[in-house]
Every structure is written in C-alpha cells, then in structure tokens.
Amino acid sequence: VYEGVMQLLLQSSAMIAAGKGLFGEITLTISVGVTALLILKKGIELLKVDDAIPHMGILAYLCPVLVLLLLVGVVTLTLVRLVMSELCTESLLYDLGAKRCVAAPLPRPE
C-alpha cells in the first residue's frame with residue numbers, strides 16, 4: 001500500500017511540474033486516477049482481516065480502519081491539490097497549507 005501512496009505523490013508532483021495541467025498530460029492523469037483507485041482498493045482489502053490476528057482483539061479491526069482513513073485522506077488531498085492547481089491560471093501551482101495559488105509564473109519558451 002505504501003508504495004502506491006509514494007507513486008501517487010510522485011505522479012501528481014510530476015504532473016504539476018510539467019505545467020500542462022490535467023488535460024495536457026492525459027496519460028499521467030489516467031495513471032494518477034488508476035493509482036488512486038488501486039490505493040483505495042488495497043485499503044478496503046485491509047478491512048477484511050477477520051481472524052487474521054486473533055490475539056490483538058479490537059486492535060485487529062481498529063488498525064486497518066485507521067490505515068484506510070489515512071489512505072483516503074492522502075488520496076483526497078492529492079486529488080484536491082491537482083484540481084485546485086488546474087484552477088490557478090498563471091502558475092498551475094496550489095498551496096494546500098495557505099489555501100491559495102502560488103505566484104510562480106511558468107517559464108515561457110523562447
């Protein structure tokens with residue numbers, strides 16, 4: 001699961017760094033979408049622990065739920081950042097912490 005999260009973060013960063021937006025890099029956009037779905041699928045599969053770890057009691061059920069919530073949070077924040085970056089017309093960069101577009105104009109080809 002963790003390698004999927006890292007892949008999602010790298011792909012979204014690559015998309016933002018390319019400066020072409022969601023529709024300028026269709027292959028990368030599809031790849032980000034598939035990666036996000038696979039992460040969520042793997043997270044849901046974690047909930048199917050049943051009696052895999054019987055000696056842990058309630059923790060055997062609580063831990064996978066917490067992991068799933070973290071995965072959903074990471075996927076959601078990453079996708080929000082991509083969509084909000086698309087709305088930043090000058091730079092295509094969005095700062096989630098400050099909740100605003102970053103004033104960093106893209107270099108223009110000469």
Side-chain angles (χ1 to χ4, degrees):
V1 174
Y2 66 90
E3 63 270 351
V5 171
M6 297 312 298
Q7 181 177 351
L8 181 68
L9 294 174
L10 288 173
Q11 288 173 335
S12 63
S13 296
M15 187 178 296
I16 291 171
K20 297 181 183 176
L22 292 172
F23 300 108
E25 297 285 339
I26 294 295
T27 306
L28 204 49
T29 301
I30 292 170
S31 180
V32 166
V34 169
T35 301
L37 289 174
L38 287 174
I39 290 170
L40 294 177
K41 178 185 175 285
K42 288 178 184 177
I44 291 170
E45 288 173 357
L46 285 175
L47 294 177
K48 300 176 183 173
V49 236
D50 291 338
D51 295 321
I53 314 172
H55 66 278
M56 287 186 65
I58 190 72
L59 285 178
Y61 299 99
L62 185 60
C63 289
V65 169
L66 292 176
V67 170
L68 178 62
L69 289 174
L70 286 172
L71 291 175
V72 168
V74 168
V75 169
T76 301
L77 287 175
T78 302
L79 296 179
V80 164
R81 180 176 176 223
L82 282 175
V83 170
M84 294 305 290
S85 292
E86 189 72 19
L87 299 176
C88 298
T89 54
E90 283 190 28
S91 63
L92 293 177
L93 294 171
Y94 184 77
D95 184 359
L96 275 174
K99 297 179 184 163
R100 63 179 173 82
C101 292
V102 176
L106 296 171
R108 304 284 181 219
E110 296 178 23

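Values below: every heavy atom of this structure, side chains too, minus hydrogens, waters and symmetry copies.
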- Message: If you apply the rule side-chain contact (heavy atoms from CB on, under 4.5 Å), what do you find for K20 with L28, and how did you get there?
- Response: CA-CA 11 Å; K20 297 181 183 176; L28 204 49; over 6 Å; no

- Do I30 and L22 belong to the same hydrophobic cluster, where Ile, Leu, Val, Met, Phe, Trp and Tyr are linked whenever their side-chain heavy atoms lie under 4.5 Å apart, directly or via other members? yes

- Task: Kindly give the heavy-atom pair with the smallest separation between S12 and V32, and that separation in Å.
- Result: N-CG2, 4.2 Å

- Query: Which value, rounded to the nearest 0.5 Å, describes the distance between M6 atom CE and I39 atom CD1?
  - Reply: 10.5 Å

- Item | N/O donor-acceptor pair under 3.5 Å between S31 side chain and T27 backbone | no

- Message: Give me the atom names and distance for the closest heavy-atom approach of D95 to G97.
- Response: OD1-N, 3.1 Å

- Query: Do the non-hydrogen side-chain atoms of L71 and K42 ever get within less than 4.5 Å of each other?
  - Reply: no

- Query: If two hydrophobic side chains count as joined below 4.5 Å and joins carry through other members, does V5 share a cluster with L10?
  - Reply: no

- Applying the 4.5 Å side-chain criterion to the ILVMFWY set and letting contacts propagate, would L40 and L70 be lumped into a single cluster? no

- Please write out which residues are connected to L96 in a hydrophobic cluster, directly or through intermediates, given that two of Ile, Leu, Val, Met, Phe, Trp, Tyr count as joined at side-chain heavy-atom separations below 4.5 angstrom. L77, V80, M84, L87, Y94

- Message: Could you see if L37 belongs to whatever hydrophobic cluster contains L69? Use Ile, Leu, Val, Met, Phe, Trp, Tyr and a side-chain cutoff under 4.5 Å.
- Response: no

- Note on the structure: OG1 of T29 to CD of Q11, rounded to nearest 0.5 Å, is 10.0 Å

- Task: Decide yes or no for V34 and L38: does some side-chain heavy atom of the first lie under 4.5 Å from some side-chain heavy atom of the second?
- Result: yes

- Where is the tightest heavy-atom contact between I16 and S85, given as atom of each residue plus distance? CD1-OG, 3.8 Å

